[in-house]
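Down below is the structure, laid out as structure tokens.
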Amino acid sequence: MPELPEVETIRRDLEPRLVGRRFTRVEIAPDRVPVLQGIDEATFREGVAGARIEALSRRGKFLIIDLDTGAKLVVHLRMTGKLLLPDAPLTGHLRATFTLDDGSTLRFTDLRKFGRLWLVDSLSPLFDNIGPEPLTEGFGLEALSAALLNRKAAVKSVILDQRRIAGIGNIYADEALFEAGIMPARLGGGLSAEEVVRLHSAIRTVLLRGVESRGASFRDYLDAEGQSGSMQMYVKVFRRTGKPCYVCGTAIERCRIGGRSTHYCPVCQR
DNA sequence: CTTATTCCCTGATTGC
DNA sequence: TGCAATCAGGGAATAA
């Protein structure tokens, strides 16, 4: 499940390999499930083939490839999507192949076929409702307070909501709440000022650790070279149900919040 | 506006 | 042992 740290790792790996190159050919693998969002195949191919890549950026879990035509190729990997460079072995279902002017390819594969591609002239309206980036300087305490203000949903659901904060998925939500010592089922608007401070710091800590570890590979995630990340080795609660808490030894518990598996220490998190 | 639930998708895992 | 049911989860759609 590529979340902010995983998408950022892919962005950093792809940047030196793609910027300055030109797409020469685009091939969409025929499939019952569409991979292109809001654009037909011919228009997409015409808009990408021949275009030079100027920059790679990220917004939440979206990867953005700026083209010299002014258009932007946007990728969302969702659950099992991968962007693979030539040396990486092919895993999952091939959804699209982009050939570059140096003869190399960038392949988009996706086992569960939830991932999507867009080609847009403007990032609006696609990104209109995405919340603040938690690793930028602009993400201060006030930004998190505003996201949580008066929320009656579980704090975990609030931080998973991409409209409130960008880039957090199930792994980093559980880890951030453990790091902050907050029970995931607590109401978002019910945290004390002190707890908001702890959560703010915890979100940044776990996301930064994720980026430094090149992402978490539990089942599916692989970077652009086809390599695993190592964040799963530093994870303290996610998928550790029944195992002892590293801090107090109590068995990690699991529940369901907002339809998502949620892992927590019943003693360390209040 | 809010929150909660269902659905999409397929390979792995669980249950009888 | 074998096959069916369940699980995993990001986000859109839908319900309330």
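Contact check, A:Arg254 against C:dA8: a side-chain N or O comes under 4.0 Å of OP1 or OP2. In terms of phosphate contacts, A:Lys113 brings a side-chain nitrogen or oxygen within less than 4.0 Å of OP1 or OP2 of B:dT10. The shortest distance between the side-chain N/O atoms of A:His93 and the OP1/OP2 oxygens of B:dC9 is not below 4.0 Å. Between B:dA4 and A:Lys152, no contact under 4.0 Å exists linking OP1 or OP2 to a side-chain N or O. For B:dC9, neither phosphate oxygen OP1 nor OP2 lies less than 4.0 angstrom from any side-chain nitrogen or oxygen of A:Arg116.
Stacking of A:Phe114 onto the six-membered ring of C:dG11 is not present when judged by under 5.5 angstrom between centres and under 30° between planes.
Across all strands shown, A:Tyr172 has no heavy atoms under 4.0 Å from either base or sugar-phosphate atoms. Residue A:Thr80 is out of contact with every strand shown, counting any heavy-atom pair closer than 4.0 Å. Residue A:Met79 is in base contact, counting any heavy-atom pair closer than 4.0 Å across all strands shown.
A side chain to side chain donor-acceptor pair (under 3.5 Å) with A:Tyr264 is found for one member of A:Arg254, A:Glu253, A:Lys236, A:Lys156 and no other, namely A:Glu253.
Of all nucleotides listed (B:dT3, C:dG11, B:dC9), B:dC9 comes nearest to the side chain of A:Arg112. The nucleotide whose nearest atom lies closest to any side-chain atom of A:Ala153 is, among C:dG9, B:dG11, B:dA4, B:dA4.
Surrounding OH of A:Tyr234 are at most 12 heavy atoms belonging to other residues, nucleotides or ligands under 6.0 Å away.
Under 3.5 Å, the side chain of A:Arg219 and the base of B:dG11 form no donor-acceptor pair of N or O atoms.
Looking at which nucleotide of DNA chain B each of A:Gly258 and A:Arg164 is closest to, the 5′-most match is held by A:Arg164.
In this structure, the CE atom of A:Met1 is 16 Å from the P atom of C:dC7, given to the nearest Å.
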